[in-house]
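Structure first, commentary second.
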Amino acid sequence: MAKEITNRSENYSQWYNDIVRKAQLAEHSAVRGCMVIKPTGFAIWEKMQSQLDKMFKETGHINAYFPLFIPKSFLSKEAEHVEGFAKECAVVTHHRLMNNPDGPGVVVDPSAKLEEELIVRPTSETIIWNTYKDWIKSYRDLPILINQWANVVRWEMRTRPFLRTAEFLWQEGHTAHSTKAEAIEEAQKMHEVYARFAEDYMAMPVIKGAKSANERFAGALETYTIEALMQDGKALQAGTSHFLGQNFAKAFDVKYLDNNNKEQFVWATSWGVSTRLIGALVMTHSDDEGLVLPPKLAPLQVVIVPIPKPNGEIMEHAERIAAQLKEKGISVKIDTDKKNRPGFKFAEYEMKGVPVRLGIGKRDIENNQIEVARRDTKTKENVSMDGIAEHVANLLDDMQRGLFEKALAHRNEHITPVDNYDQFKEVLENKGGFISAHWDGTTETELKIKDDTKATLRCIPDDEEGEGTCIVTGKPSKQRVIFAKAY
RNA sequence: AGGGGUGUAGCGCAGUCCGGUUAGCGCACUUGGUUUGGGACCAAGGGGUCGUAGGUUCGAAUCCUAUCACCCCUACCA
């Protein structure tokens with residue numbers, strides 16, 4: 001039987017594309033740069049959404065929805081913001097079509113030109129702060145802690161499923177505060193929420209830190225990031241949280257009266273994660289056999305395969321076990337298909353990343369046992385049918401932990417401290433991964449490294465101490481920072 | 001955005017250079033049968049505006065022009 005998925009060692013990009021397609025997460029659409037997220041891929045997103053949404057609610061946030069379209073003039077109100085996004089905006093210029101006077105089909109009606117063009121949101125700061133202006137009058141109106149689940153459009157030249165698409169789904173939190181300290185605390189709190197989600201639910205270890213001035217969000221004073229390492233040694237920015245200072249408040253004139261009856265500008269944050277996390281999930285855990293998912297985010301956690309095929313007796317046992325699993329909150333499906341043979345199904349479910357597969361046949365029933373196969377290690381064991389639900393529940397926990405530990409080990413093996421520029425280049429070239437090095441703190445040095453090596457400054461880690469000297473200039477450095485080639 | 005490549009059935013491809021019966025092959029799909037504890041086998045079927053739009057020609061998957069999409073390598077980005 002032909003191998004359906006390219007090996008990682010052969011062609012990592014192709015491997016990624018194969019997984020996305022074969023595990024039916026997404027496919028290319030008729031629209032340039034836009035993908036169709038298929039039911040399996042969307043189910044993963046729904047799992048992520050429901051958990052994140054819960055965490056946002058627990059930290060006091062509520063959901064709302066703002067328009068898809070943004071008046072062009074709004075975008076230009078914050079100078080750095082417009083500079084960051086102007087190059088990748090979709091623009092709506094007309095509001096009507098007409099029959100083509102010169103032939104078949106329809107054309108844009110030239111008489112229907114918009115007075116002011118509309119931008120399809122690349123992010124919503126401007127429309128939101130234009131709205132907050134009306135909502136905020138007094139310190140009593142603050143804080144505003146709002147999140148929205150939405151789609152955004154960034155007109156990218158090169159796209160890849162989930163990692164970079166012209167349209168993507170995300171959440172964006174936008175908060176307004178009366179003090180600087182409170183806004184910084186908010187940005188850091190959400191940074192922490194993202195890190196916890198990545199590690200506890202995606203089983204994906206991340207480095208928490210701040211972005212350099214050069215890598216900051218357009219319009220932010222500080223950007224906090226979680227950076228993950230993919231299996232090919234490249235870094236992926238998995239979530240960012242921004243302290244926006246008073247930039248947007250000033251651009252949109254959002255002021256409040258404090259308790260001394262004095263006008264003050266409002267302090268802002270924004271934070272977001274996107275469907276890119278699905279790409280991160282794929283590239284963190286999957287193998288040459290297909291998708292591997294952490295149980296907490298797997299749309300289907302357990303599949304029961306009757307062997308060789310469903311019949312009355314086998315189904316009786318299968319349904320009983322399925323009921324026991326559901327009792328414990330485990331999602332389970334019995335494969336009642338009679339067309340394919342067990343071997344085919346095994347390969348199929350491995351490709352799709354179902355964490356646990358249970359095989360039940362005549363032999364098992366005679367021995368009061370069940371065959372339990374785990375996707376992550378590809379090992380099988382026979383387990384007594386009594387207490388099987390308990391066993392599977394523990395197994396899922398083990399797998400969740402095991403996937404994190406494995407990813408963590410890989411990540412830790414690929415954080416390499418270096419003390420001079422030659423060593424930096426050598427490690428980047430031959431080993432890849434995160435490189436921990438001293439840096440003098442200037443954009444100039446950062447850009448030189450990028451020009452020389454293509455590595456970017458991923459983050460200035462929170463938990464790094466110890467002074468040193470910059471590997472490029474020899475100037476003093478407050479702490480080591482993380483460089484890597486990135487997605 | 002620059003360079004290179006590819007578009008032929010759901011998927012993977014041959015055919016294109018050198019135009020000429022009814023456009024092929026493998027997998028997948030349908031039906032019947034035999035199988036069934038790690039990707040089964042036999043037989044008979046169904047499925048194509050050859051990416052799209054023009055053009056050249058008696059005749060175009062094949063030649064010409066335009067256009068769109070995707071892939072790889074660079075540049076930019078969640």
Side-chain angles (χ1 to χ4, degrees), chain A residues 1-6 11-14 16-18 21-22 24 27-35 83-89 103-105 122-123 151-172 194 211 214-218 223 225-228 235-242 270-280 289-290 305-311 314 337-351 357-367 369-371 373 378 380 382 450-451 454 456 485-487:
Chain A
M1 192 69 195
K3 187 101 164 71
E4 306 206 37
I5 295 173
T6 307
N11 184 338
Y12 192 83
S13 296
Q14 192 55 49
Y16 176 78
N17 290 337
D18 286 351
R21 193 161 40 86
K22 292 291 182 181
Q24 294 179 29
E27 62 187 35
H28 290 294
S29 72
V31 185
R32 177 200 170 85
C34 298
M35 62 178 172
E83 200 188 320
F85 288 106
K87 283 179 291 185
E88 50 189 29
C89 286
T123 179
N151 58 339
V152 287
V153 168
R154 296 180 189 175
W155 211 261
E156 302 287 349
M157 285 301 122
R158 293 280 310 116
T159 61
R160 299 190 67 192
F162 295 112
L163 298 174
R164 173 155 303 105
T165 46
E167 180 192 10
F168 57 95
L169 306 183
W170 77 346
Q171 57 71 217
E172 45 182 327
Y194 288 154
K211 285 290 188 188
N214 179 54
E215 294 275 338
R216 240 172 243 154
F217 176 75
T223 288
T225 180
I226 54 172
E227 296 285 324
L236 187 85
Q237 178 177 308
T240 48
S241 173
H242 316 289
S270 68
W271 27 274
V273 295
S274 72
T275 38
R276 173 179 249 201
L277 289 181
I278 297 173
E289 260 52 65
V305 180
I307 297 170
K309 282 195 175 173
N311 67 34
I314 291 174
D337 167 78
K338 293 185 177 177
K339 191 182 74 65
N340 290 312
R341 310 198 323 171
F344 182 88
K345 293 177 180 178
F346 295 170
E348 196 75 2
Y349 288 116
E350 278 159 18
M351 197 152 69
R357 186 184 72 233
L358 303 180
I360 310 180
K362 196 165 173 240
R363 205 167 68 198
D364 302 296
I365 292 170
E366 280 165 6
N367 298 327
Q369 69 179 29
I370 195 160
E371 184 184 82
K378 295 202 69 193
K380 292 195 284 200
N382 291 317
K450 188 178 173 185
D451 282 351
K454 313 254 184 274
T456 49
K485 285 186 184 167
Y487 274 97

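Letters A, B, ... are given to chains in the order of the sequence lines, protein chains preceding strands, and every chain is numbered from 1.
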_Checking contacts here: which listed nucleotide (B:rU74, B:rU35, B:rA78) is nearest the side-chain heavy atoms of A:K309?_
B:rU35
*Answer yes or no: side-chain N or O of A:E27 and base N or O of B:rG10 forming a donor-acceptor pair under 3.5 Å.*
no
_Using atom P in both nucleotides, what's the gap between B:rG51 and B:rU62 to the nearest angstrom?_
8 Å
*List in chain and number order the residues that pass salt bridge (Lys or Arg N to Asp or Glu O under 4.0 Å) with A:R160, two or more places apart in sequence or in another chain; answer none if no residue qualifies.*
none
*To the nearest Å, how far apart are A:E215 CD and B:rC76 P?*
10 Å
*If you draw a 6.0 Å radius around CH2 in A:W155, do more than 12 non-hydrogen atoms from other residues or ligands fall strictly inside?*
no
*Would you mind classifying the nucleic acid contact of A:K362 as base, sugar-phosphate or nothing, using non-hydrogen atoms under 4.0 angstrom?*
base
*According to the Watson-Crick and G-U wobble definitions, with both distances under 3.5 Å, which nucleotide is paired to B:rA23?*
none
*Can you tell me the Watson-Crick or wobble partner of B:rA14, both distances under 3.5 angstrom?*
none
*Among the candidates B:rA78, B:rG38, B:rC72, find the nucleotide nearest to the side-chain atoms of A:N17.*
B:rC72
*Could you list the residues that satisfy side-chain contact (heavy atoms from CB on, under 4.5 Å) with A:T159, not counting sequence neighbours?*
A:E156
_Backbone of A:T6 reached by a side-chain donor or acceptor of A:D18 within 3.5 Å_ = yes
*Tell which nucleotide pairs with B:rG39, taking only Watson-Crick or G-U wobble pairs whose two distances are both under 3.5 angstrom.*
none
*Give the rounded distance in Å between these two atoms: CD of A:E167 and P of B:rA78.*
18 Å
_Taking only the P atom of each, what is the distance from B:rA1 to B:rU67 in whole angstrom?_
12 Å
_Strictly by Watson-Crick or wobble contacts shorter than 3.5 Å, is anything paired with B:rG54, and which nucleotide is it?_
B:rC64
_Rounded distance in Å - CD1 (A:I314) to P (B:rG37)_ = 12 Å
*Could you give the distance separating B:rU65 and B:rA14 at their C1' atoms, to the nearest angstrom?*
27 Å
*Rounded to the nearest angstrom, tell me the gap between atom CD in A:E83 and atom P in B:rC76.*
15 Å
*More 5' along RNA chain B: A:K339 or A:G359, using each one's nearest nucleotide?*
A:K339
*Return the nearest nucleotide to the side chain of A:D364; candidates are B:rU36, B:rG37, B:rC76.*
B:rG37
*Would you indicate which nucleotide in B:rG37, B:rG38, B:rU36 comes nearest to any side-chain atom of A:P308?*
B:rU36
*Pairwise C1' distance, B:rC50 and B:rG19 [rounded to whole Å]*: 15 Å
_Under 4.0 Å, counting only non-hydrogen atoms across every strand here, what does A:F217 touch: a base, just sugar-phosphate, or nothing?_
nothing
*Mind checking what makes side-chain contact (heavy atoms from CB on, under 4.5 Å) contact with A:A373, not counting sequence neighbours?*
A:R357, A:K380
*With no hydrogens and no angle check, is any side-chain donor or acceptor of A:K362 less than 3.5 Å from a backbone partner on A:P308?*
no
*Criterion salt bridge (charged side-chain N to carboxylate O under 4.0 Å, His left out) on A:K378 and A:E350, from CA distance to verdict*: CA-CA 9 Å; A:K378 295 202 69 193; A:E350 278 159 18; 3.6 Å; yes
*Could you write nucleotides 43-53 of chain B as a row of B, S and -, 5' to 3', where a protein heavy atom under 4.0 Å of any base atom gives B, of only sugar-phosphate atoms gives S, and otherwise -?*
-----------
*In whole Å, what is the span from the OH atom of A:Y12 to the P atom of B:rC73?*
13 Å
*List the atom of A:P161, the atom of A:Y16, and the distance in Å for their closest heavy-atom pair.*
O-OH, 2.7 Å
_Nearest-angstrom distance, P atom, B:rC72 to B:rA66_ = 26 Å
_Any N or O donor-acceptor pair under 3.5 Å from the base of B:rG38 to the side chain of A:K380?_
yes
_Integer angstrom distance from the C1' of B:rA9 to that of B:rC25_ = 12 Å
*Rounding to a whole Å, what distance do you find between A:I5:CD1 and B:rG12:P?*
14 Å
*Nearest to side-chain heavy atoms of A:S13, which nucleotide of B:rG39, B:rC72, B:rU74*: B:rC72
*Are A:E167 and A:T165 close enough, and set up right, to give a side-chain hydrogen bond (donor to acceptor under 3.5 Å, both in side chains), and what steps lead you there?*
CA-CA 5 Å; A:E167 180 192 10; A:T165 46; over 6 Å; no
*Atom-pair distance (NZ on A:K454; C1' on B:rC76), nearest Å*: 12 Å
_Rounding to an integer number of Å, can you tell me how far A:I278 CD1 sits from B:rA78 C1'?_
13 Å
*When you match A:N340 and A:E348 each to their closest nucleotide on RNA chain B, which lands nearer the 5' end?*
A:N340
*Among the nucleotides B:rU74, B:rC76, B:rG37, which one has an atom lying closest to any side-chain atom of A:E156?*
B:rC76
*Nucleotide forming a Watson-Crick or wobble pair with B:rC29, both distances under 3.5 Å*: B:rG45
_For the backbone of A:A166 and the side chain of A:R154, can you confirm whether one donor and one acceptor N or O come within less than 3.5 Å of each other?_
no
*NA contact type, A:L163, heavy-atom cut-off 4.0 Å: base, sugar-phosphate, or nothing?*
base
_Using atom C1' in both nucleotides, what's the gap between B:rA61 and B:rU6 to the nearest angstrom?_
15 Å
Distances for protein N/O vs nucleotides 68-70 of chain B N/O pairs under 3.5 angstrom?
residue, atom, partner, partner atom, Å
B:rA69, OP2, A:R32, NH1, 3.3
B:rC70, OP1, A:G33, N, 2.8
B:rC70, O3', A:H28, NE2, 3.4

*A:R357 side chain: which of B:rU36, B:rG38, B:rA78 is closest?*
B:rG38
_Sequence-distant partners of A:K454, side-chain contact (heavy atoms from CB on, under 4.5 Å), two or more places apart_ = A:K485
_Taking only the C1' atom of each, what is the distance from B:rC13 to B:rA28 in whole angstrom?_
14 Å
*asked:* If the threshold is 4.0 Å, N to carboxylate O, is there a salt bridge linking A:K211 and A:E227?
replied: yes
*Contact class for A:T165 (heavy atom, under 4.0 Å): base, sugar-phosphate, or nothing?*
base
*Is a side-chain N or O of A:D337 found less than 3.5 angstrom from the main chain of A:N340, in a donor-acceptor match?*
yes
